[in-house]
Every structure is written in C-alpha cells, then in structure tokens.
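Each chain gets a letter, A, B and so on, in the order its sequence line appears, and its residues count up from 1.
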Number of protein chains: 2
Amino acid sequence: MLSKACEYGIKAMIYLAGTSQEGQRVSLNLVAQHIESPEAFTSKILQKLAKAKVVKSVKGAKGGFELNGSTSKEIFLWDIVVAIDGTAIRDDCFLGLNYCSRSNPCPVHDKYEKIRDDIMSFLMKTSVHDLSLTVQEGKSFLS
Amino acid sequence: MLSKACEYGIKAMIYLAGTSQEGQRVSLNLVAQHIESPEAFTSKILQKLAKAKVVKSVKGAKGGFELNGSTSKEIFLWDIVVAIDGTAIRDDCFLGLNYCSRSNPCPVHDKYEKIRDDIMSFLMKTSVHDLSLTVQEGKSFLS
DNA sequence: TTTAAATTGGACAAATGTGTCCGATTTAAA
DNA sequence: TTTAAATCGGACACATTTGTCCAATTTAAA
Ligand code: SF4
Ligand code: SF4
C-alpha cells in the first residue's frame with residue numbers, strides 16, 4: 001500500500017505534531033529514535049517533507065524540525081503520501097490499467113471501487129492532528 | 001497494493017477462466033498478448049501459479065495452460081495473491097508496525113481497521129469466476 | 001525416428017526502493 | 001572569531017522487483 005519511506009514519513013509527522021507547540025524544534029536524531037527508523041534514511045524523508053512545505057527545517061546549532069504552518073489540523077495524510085510516494089496510489093488502481101473509466105472498467109471495478117473511494121477518503125480526511133492525540137495520551141504507538 | 005506480478009497473475013487467471021472450458025489449453029504467448037504483459041515475465045508468473053496448483057500447465061506440442069480443478073468458482077483472488085505476493089498485504093498493515101493489537105494499536109487503527117477488513121473480505125470472497133463473466137460479455141477489459 | 005511446438009528453469013540485466021557515508025553549509029553560542 | 005551542533009545533498013551500496021535470454025526438456029504429430 002505505502003512505501004516504507006511513506007510509513008516513516010507519516011510516523012515522523014505524527015511525532016512532530018506532539019512536539020511542535022510554539023516553534024519548538026526536535027533534532028533528526030530524536031525523530032528517528034521515536035519512530036524507530038534509520039537516521040540517514042529519515043533525513044532524506046524529512047527533506048522531502050520540507051520541500052513539500054509540511055515540515056520546517058532549521059539548520060545549524062539549536063536547529064531541527066517542526067511542523068510547518070500553524071497547526072497539524074490542516075495537514076492530512078494525503079499531503080504526506082503525495083510528498084513521498086506521489087499520486088500513484090490514487091492513479092494506478094487495483095489492476096494497474098493504463099486507461100480505465102466507468103465505460104471501460106477493469107473486471108474488479110464493481111467490487112473494488114468503494115474500497116478505493118474509502119481509502120482516498122481516509123487519506124484526504126484524516127489529519128495528522130487526529131492521529132497525534134491518541135499517541136500523546138499513550139493510547140496508541142509509533143513502534 | 002499489489003505487485004505488478006500479482007496484477008498480471010490475476011489478469012491471467014481471469015483470461016484463463018474464459019478459455020478453460022473442458023480442458024482446452026492456451027499458450028503462454030496468447031495469455032501474454034491478452035493481458036498485455038511481457039511474455040517471459042508472464043512465464044515466471046504462470047509457473048508460480050502452477051506450483052500453487054491454481055493453474056495446470058502441460059508441456060510439449062499442443063501444451064499450454066488451463067485452470068486447475070473443476071471450476072473458477074472455487075478460486076479466489078486471495079489464492080492468487082498468496083501464491084505470488086505472499087501474505088504481507090494482510091500481515092503488514094498500514095504503518096507496518098512489527099507488533100500491533102487492539103491493546104497496542106498504531107495511531108490509524110480506529111480509522112483504518114474497517115478498510116483493511118474490507119480489502120481482505122474482497123480478496124477472500126471474490127472468485128475468478130465472478131470477474132470473468134463481465135469480460136466474456138465485453139463489459140470489462142483486461143487492458 | 002525426426003521434427004516442431006511448447007513449457008521449464010537458471011542465469012543474467014535493468015529499474016526501483018531502501019539504506020549508508022561523508023563533506024559542505026548554516027547557525028548559535030562561547 | 002572560533003567552535004560545536006545541526007541539516008543538506010551528492011555519491012555510493014544493497015535488496016527487491018521487474019524483465020530478458022536461452023538451453024534443456026517434454027510432447028504430439030509427421
Ligand atoms: S477498479 Fe475501477 S478505477 Fe480501479 S483500475 Fe479497475 S476500472 Fe479502474
Ligand atoms: S491499523 Fe490496526 S491492524 Fe493495522 S498496523 Fe495499525 S494497529 Fe495494526
């Protein structure tokens with residue numbers, strides 16, 4: 001479903017949502033520790049997220065990462081997926097047909113369309129904020 | 001979601017369901033043409049499906065491939081997925097946590113669990129026969 | 001028995017995804 | 001001004017997936 005990089009990216013964003021009150025920054029090292037991902041690989045992922053403007057990175061001493069913009073309520077899973085994996089999960093559907101439509105459907109269309117719509121709805125309507133709450137309460141976990 | 005190999009495998013099975021009345025065989029070349037996949041790669045995939053006993057292969061002149069067993073109604077998408085991709089799609093869920101459960105869930109569990117169950121239900125309850133009907137009627141397509 | 005049609009399986013090649021290393025650069029603080 | 005703490009970015013390494021090539025084998029038919 002998602003690439004490993006994208007899984008790490010989502011976890012990183014959820015972690016950052018819990019540390020990003022009032023411009024407080026955390027280092028790459030801390031992020032990687034909390035989401036249990038290789039540090040150098042996490043670095044690449046955070047760079048992608050920074051280029052997509054969903055995280056803000058600050059270089060130099062006392063630098064680090066924080067969520068960009070005012071609030072994690074405005075950042076949705078879909079933003080992260082697009083930044084890291086692109087739109088293939090939406091565009092290349094179940095059987096990976098090059099061209100499909102309601103008048104030229106693949107054989108699974110009738111049975112799969114609802115699942116695809118549910119996935120897209122989940123990705124576009126679930127905010128990082130939604131997910132960070134239970135982590136901060138200790139009711140869900142990133143590793 | 002699925003590997004390319006698995007997509008080809010599903011298409012091949014759906015195509016074979018339309019050609020496999022009464023032990024009639026089709027060649028690798030024909031299968032690859034109809035599902036628009038590279039012939040040599042398709043060969044590897046059909047070999048996997050043959051080892052999983054969902055297709056029967058016959059070597060030599062007048063040989064070829066046909067569905068194994070009596071009917072495509074007994075072969076489900078899940079059988080094909082397991083034969084080619086294994087059970088990762090079921091075992092490694094959305095965020096790829098190593099260990100998760102209702103008492104140790106990842107942050108998306110509440111929102112994603114239903115989608116996962118819907119996908120598994122779709123894979124386990126959809127038979128190749130279900131899918132081949134609309135193709136034979138010209139109402140859906142494999143390319 | 002010979003030939004042609006077909007799958008099989010091993011080795012290889014290319015592309016992508018995952019992960020590492022390290023020097024360059026930036027910034028805050030001593 | 002110097003130093004230490006950080007991210008950045010390019011090059012590389014490794015694993016997996018995707019795809020190709022070809023000789024070996026099997027089988028039906030001439
Ligand atoms: S399920 Fe529908 S949308 Fe998805 S590939 Fe098939 S025809 Fe296209
Ligand atoms: S959604 Fe639920 S089942 Fe899937 S990884 Fe998260 S906790 Fe596990």
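- Atom CG of B:L28 is separated from atom P of D:dC21 by 14 Å (rounded to the nearest Å).
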Just do the salt bridge (charged side-chain N to carboxylate O under 4.0 Å, His left out) check on B:E113 and B:R102 with the steps written out, would you? CA-CA 10 Å; B:E113 187 177 32; B:R102 272 193 201 82; 3.7 Å; yes
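- We find that CZ of A:R25 is positioned 12 Å from C1' of C:dT26, with the value rounded to whole Å.
- The distance between atom CG of A:D85 and atom P of C:dT16, rounded to the nearest whole Å, is 14 Å.
- Of the side-chain N and O atoms in A:Q47, one or more sit less than 4.0 angstrom from OP1 or OP2 of D:dG9.
- For A:K59, the side-chain atoms get nearest to D:dC8 when compared with the rest of C:dC21, D:dC8, C:dT7.
- When each of B:L2 and A:N29 is assigned the nucleotide of DNA chain D bearing its nearest heavy atom, the one mapping closer to the 5' terminus is A:N29.
- Nucleotide C:dT2 is matched to D:dA29 when pairs are restricted to Watson-Crick or G-U wobble geometry with both distances under 3.5 angstrom.
- Between A:A61 and A:Y8, it is A:Y8 whose nearest contact on DNA chain C lies nearer the 5' terminus.
- The structure places CE of A:M13 at 4.5 Å from CD1 of A:I80, a figure rounded to the nearest 0.5 Å.
- When the nucleotides D:dC8, C:dT20, D:dT25 are ranked by their closest atom to the side chain of A:F41, C:dT20 comes out on top.
- Contact check, A:S57 against D:dA6: no side-chain N or O comes under 4.0 Å of OP1 or OP2.
- With DNA chain C read from its 5' end, the first of the two nearest nucleotides for A:A5 and A:K62 is the one closest to A:A5.
- Distance, B:I89 CD1 to D:dT17 P: 14 Å, rounded to whole Å.
- Going from atom NZ of B:K56 over to atom C1' of D:dT26 covers 15 Å, rounded to whole Å.
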Stepwise side chain to side chain contact (heavy atoms under 4.5 Å, CB included) check, B:V108 with A:T126: CA-CA 9 Å; B:V108 309; A:T126 303; 5.8 Å; no
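- Annotation: cation-pi pair A:K125/A:F122 absent, no NZ/CZ under 6.0 Å from the ring centroid and within 45° of its normal.
- A donor N or O paired with an acceptor N or O is found under 3.5 Å between the base of D:dG10 and the side-chain atoms of A:K44.
- Using a 4.0 Å heavy-atom cutoff across all strands shown, B:K51 reaches sugar-phosphate atoms only and no base atom.
- To the nearest angstrom, P of D:dG19 lies 8 Å from CD1 of B:I45.
- Within 4.0 Å (heavy atoms only), A:K48 reaches no atom of the nucleic acid at all.
- Ring planes of A:H34 and A:Y15: parallel class, angle under 30° (limits at 30 and 60°).
- Straight-line distance from the CD1 atom of B:I84 to the P atom of D:dT18: 10 Å, rounded to whole Å.
- In this entry the distance linking CD of B:E39 with P of D:dC22 reads 14 Å, nearest Å.
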